[in-house]
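Below: the structure, in structure tokens.
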Amino acid sequence: MFDKVEAFYRPANVREALRLLQSGKGQARVVAGGTDVVVEGDDSVRYLIDITHAGLSYIRRRGTASVIGATTTMAELEASDAMQALAGGLLSRAARWCGSALVRNLATLGGNMANGSPAADMATPLLVLDASVVMVNARSRHKLPLAEYLAGARTKRHARSLLVEVVVPEPPNGKGCRWSFQKLGRTAVDISLVNVAAGLQLDSRGRVKWARIALGAVAPAPMRASGAEQRMKGRILDQALLAEIGAEVAREVSPISDARASAEYRREISSVLTRRALEECSAHVGCSL
Amino acid sequence: MNGDRAGQSRDRQGAVSRLVVGRNVRKVDGVKLVTGGAAFTDDVHIPGMLHGKILPSPHAHARIRRIDTSKAKALAGVHAVLTYKDVPRVPHTTAGQAWPEPSPHDTYLLDSKVRFVGDRVAAVAAESRAIAERALKLIEVEYEILPAVLDMEQAMAAGAPVIHDEPDSTKIYDRQRNIAGYILREIGSVEQGFAEADHIFERQYRTQRQQHCPIEPHVTICWLDADARLVIRTSTQVPYHCRRQVAMILQIPVSRVHVVKPRIGGGFGGKQEMLLEDICGALALASRRPVKIEYTREEEFYMARSRHPQILRMKMGVKRDGTVVASQLTVLATTGAYGSHSTTVQGNTGSKVLPLYRAAHMRFECHVVYTNAPVAGAFRGYGCPQGFFAQETLVDEIACELGMDPMDFHRNNVIRLGDTDLLSAQLGEGKEGLPRLVRSCGLPQCMESAARAIGWTQKRKSLPNGHSHLRRGVGMACTMQGSGIAGVDWASAFLKMNEDGSFFLQVGASDVGAGADTVLSQIAAETLGVTLDKVIITSGDTDITPFDVGAYASSTTIISGGAVKKAAARVRSQVLELASKMLDAPVDQLDCANNEIFTTCACRKSVSMTDLAMQAMYKEKLQIMDGASHFNTDSPPPFCATFAEVEVDTETGQVRVVHLATAVDPGTAINPMQAEGQVEGAVAQGLGYALTEELLLDAAGRPVNPNFLDYKMFGAQDMPKLTTILVETDEPLGPYGAKSISEVPINGPAPAIANAIFHAVGVRIRKLPIRPEDVLRALHAERPANLEEELLTQ
């Protein structure tokens with residue numbers, strides 16, 4: 001593992017990190033907590049660039065948005081007051097499901113996204129929150145929607161760029177807004193077989209005003225169930241609608257079979273977890289199903 | 001131990017209560033383990049040490065047409081490259097068993113044919129691991145790829161590729177049909193038994209390939225000492241078998257081999273195997289340098305050993321009142337590419353399982369077949385977890401069909417005190433065995449106490465399930481094992497006294513982390529009448545310690561402990577003889593305890609062990625010392641009752657074990673705390689076996705999940721509430737009444753959980769591991785979709 005690594009850099013800022021990335025000519029790898037990079041142990045890597053000292057560990061407000069630095073750890077997300085207050089603590093709750101306590105002390109939000117795993121635990125809640133990522137390269141700094149980023153996270157598209165922060169716009173809030181994160185693994189510490197995040201805003205008459213459903217580990221990248229979201233708009237959340245949404249989600253996902261679970265099982269669990277997520281949301285707003 | 005002589009109490013029969021045995025003393029090796037002392041094989045660095053690496057076969061079945069190592073040899077830093085052309089060809093088994101090993105001799109140090117993905121192609125020793133890995137890539141191999149057979153049900157079929165077509169392998173039952181071993185034994189006549197039965201039940205079960213996952217993978221360091229003898233420092237359960245086998249394979253005298261077993265980070269049977277020692281020794285001899293080989297976790301998964309997968313067909317005939325009259329178990333098992341432990345593990349599936357019930361008619365038949373898959377071997381439970389999964393789930397099904405409480409079914413039918421198990425007489429370690437007489441049996445109490453702990457009576461009747469998708473249920477299983485292999489396992493011990501009244505205890509027994517060194521020291525201290533700190537144990541070093549077959553078959557406490565007790569009794573006689581002279585009192589009026597020898601008459605004279613030792617050495621010119629050998633002609637069974645409460649999610653099929661109660665009869669628990677630790681460890685592995693663990697192979701025989709991300713063991717967070725109960729009995733054949741404990745509790749979780757799932761949701765799962773999607777599929781089959789919808793709208 002890493003037998004070809006010649007140098008381990010720890011740049012003190014983003015500009016230095018980018019310069020090192022540039023001079024690595026494709027043989028440099030950015031590392032933060034190392035919980036994915038070390039496990040992968042890619043033997044083509046000659047330089048490791050540790051960005052945990054590059055000033056990217058923060059959780060801030062910027063205007064109405066929340067901004068989370070790329071090297072903020074899962075443990076920090078879990079414990080942060082600001083994160084516990086945002087969207088019913090959705091991000092904190094999701095972070096708590098990510099790996100073991102030891103892994104959460106190392107694993108970072110940026111790493112969870114940059115690794116590009118379809119099962120990344122933090123991707124679905126961030127999709128529900130309409131998050132964007134900020135990418136920086138030698139020439140520019142630009143923001144792009146998370147979904148767009150995730151679609152290319154495992155390609156060379158961002159090879160010369162650094163994911164520096166995640167931006168979460170002000171989510172709908174008020175009494176009618178509720179959130180849920182559901183995950184199914186084989187054991188307590190496991191990669192998701194399926195994970196689902198949901199956000200719901202109901203109007204004063206109990207009709208769905210705004211809905212977000214995102215699913216992980218059931219498509220090449222974490223995905224939004226847009227069809228299901230559309231179907232919910234303006235309707236009362238009852239058992240019939242839940243069954244309809246469950247069936248729609250099962251149609252929207254495109255899971256694979258692997259050593260962890262079959263595609264059929266993942267498809268069925270997508271419905272079950274979606275229903276549970278929506279039930280959790282509705283239970284919170286006090287509407288009876 | 002702070003009791004003084006007066007603190008010794010006697011019960012009414014006049015027996016002295018024990019001061020060391022039966023006490024929760026600390027592990028004698030505990031401090032160095034928890035403080036990171038140089039305890040394990042890999043904790044030392046030998047100057048000039050090279051790193052050994054094995055080139056694994058990428059093919060499940062292939063012949064090596066051409067192999068060129070010249071480029072690898074030319075690489076700077078490479079000191080040895082070995083292929084089949086460079087080493088002696090000696091058919092052998094890697095199973096660490098007593099000579100003559102009952103396993104087929106079908107394995108070669110290196111061969112011109114490879115039989116599974118991971119089989120040895122070549123080996124390299126180089127100055128760093130990186131250089132060794134680079135050298136492996138420089139070895140040019142031309143393979144003739146042969147058709148492979150991976151499915152055990154296809155292995156015997158006409159036209160299946162013959163895996164062991166080499167003429168020089170021996171002890172293979174039928175090589176043309178890939179049958180490594182075949183067993184058929186019958187007690188009474190099952191035909192007659194089934195004719196007498198009112199009901200006959202027959203079901204098929206499947207079990208998977210589980211890996212031991214020891215925290216310390218296999219690791220071996222070999223070097224030549226100053227006298228050019230081969231020293232092997234290795235993670236083994238069987239130092240003496242290893243010495244014999246390596247000497248034979250490398251064709252050097254046994255006297256030129258010195259095996260050292262340091263602390264072991266878990267064996268679980270995977271290290272009852274001569275696995276790396278031969279190739280590491282060959283590299284050390286070829287390079288004349290110290291060589292270390294350590295498996296990576298990935299290599300450990302598919303290049304070490306695993307539990308035999310089986311397909312079991314279990315048939316039982318019962319009377320209307322639930323009395324079992326006949327039982328029959330027909331097994332197809334695969335040993336993978338080599339027959340390590342093939343017939344002996346499978347023999348246990350019959351001999352240790354069927355006799356749990358007092359049926360007059362029993363039949364066990366088994367084919368063990370070769371497949372081009374990773375090699376199976378010894379694994380805690382040794383064939384019993386498979387057999388008990390089949391038998392105990394079938395028994396639960398029978399009880400439910402007959403409308404009986406499974407507890408009552410067990411109460412009426414299980415083996416009891418004074419019974420003789422005749423199947424064991426027919427089915428020994430690869431040959432005829434010896435009958436088993438039950439001289440101690442705490443099984444009824446095990447059942448009652450575990451049932452109480454789980455709340456059986458009340459929970460069988462009513463569970464608060466309602467309409468929730470979470471449904472609870474309780475299930476049970478009874479199991480047994482052995483304590484050593486009757487007439488085969490034997491051990492020896494040697495003790496000598498030091499000037500300060502302490503004793504050196506030398507045993508060939510192998511503490512693999514289970515606490516044997518502590519238990520054996522306790523037995524010696526108790527017998528000698530000294531405190532535990534006066535016993536200094538050395539174990540598992542073939543130059544220093546006397547012979548022992550090693551740590552397997554739940555034998556160490558009863559067999560090695562028996563040897564220690566005998567040796568200690570002899571040394572105690574020598575001590576008392578000298579004390580008799582010093583105290584001017586007859587030997588029969590002397591006793592010793594707490595490092596003192598004292599008269600038991602009114603005169604109350606005494607001498608300390610230290611004074612006696614000084615007297616012996618400098619006045620009498622006498623080294624107090626003695627040794628003893630020990631074996632048993634019977635293998636007393638420890639018994640176990642496992643009760644599980646589960647919660648099944650009917651929408652996801654997930655099974656959560658809420659509470660697991662395990663009650664074990666280990667005879668006397670020499671160290672109750674360690675005994676409980678063994679139960680909890682076995683239960684954790686049993687839970688993984690039941691629910692999550694399975695080493696998967698793809699269609700080409702490559703391992704799919706050889707890492708802990710994809711192969712899921714039970715972690716701390718997954719563990720249910722555990723209740724562990726020791727039901728102590730007094731076994732006449734064991735030292736201080738001890739039998740064994742470390743294997744038997746692994747058998748119960750799978751059937752108890754499967755039975756609890758049935759109680760919870762009414763589906764029978766007959767395949768391990770019980771994965772959520774299998775449960776969900778069974779639920780769907782049981783409850784058609786339209787009914788689901790009906791329930792949903794209720």
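Convention: sequence-line order gives letters A, B, ...; per-chain numbering from 1.
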Query raised in the report: Given the options B:P772, B:A716, B:S128, B:G653, which has more heavy-atom pairs under 4.5 Å with chain A than any of the others?
Result: B:P772
Query raised in the report: Rounded to the nearest 0.5 Å, how far does NE2 of B:H469 lie from CZ of A:R275?
Result: 8.0 Å
Requested in this report: For chain B, find its close neighbours in residues 252-266 of chain A: heavy-atom separation under 4.5 Å, sorted by number, or none.
Outcome: A:A259, A:R260, A:A261, A:S262, A:Y265
Report task. Could you check if a side-chain atom of A:L193 sits within less than 4.5 angstrom of a side-chain atom of B:E773, using non-hydrogen atoms only? Result -> no
Report task. Among B:Q654, B:R771, B:R134, single out the residue with the greatest number of heavy-atom pairs under 4.5 Å to chain A. Result -> B:Q654
**Report entry** Contacting region of B:D649 [heavy-atom separation from chain A under 4.5 Å]
**Finding:** side chain
Requested in this report: Look at the side chain of A:R186 and the backbone N and O of B:E693, then say whether any donor-acceptor pair between them is shorter than 3.5 Å.
Outcome: no
Report task. Can you tell which part of B:L776 gets under 4.5 Å to a heavy atom of chain A, answering side chain, backbone, both or neither? Result -> side chain
Requested in this report: Name the region of B:T652, side chain, backbone, both or neither, that has any atom closer than 4.5 Å to a heavy atom of chain A.
Outcome: both
Query raised in the report: Side chain of A:E268, backbone of B:E651: donor and acceptor closer than 3.5 Å?
Result: no
Query raised in the report: In terms of heavy-atom pairs under 4.5 Å, which option from A:V189, A:I191, A:D190 contacts chain B the most?
Result: A:D190
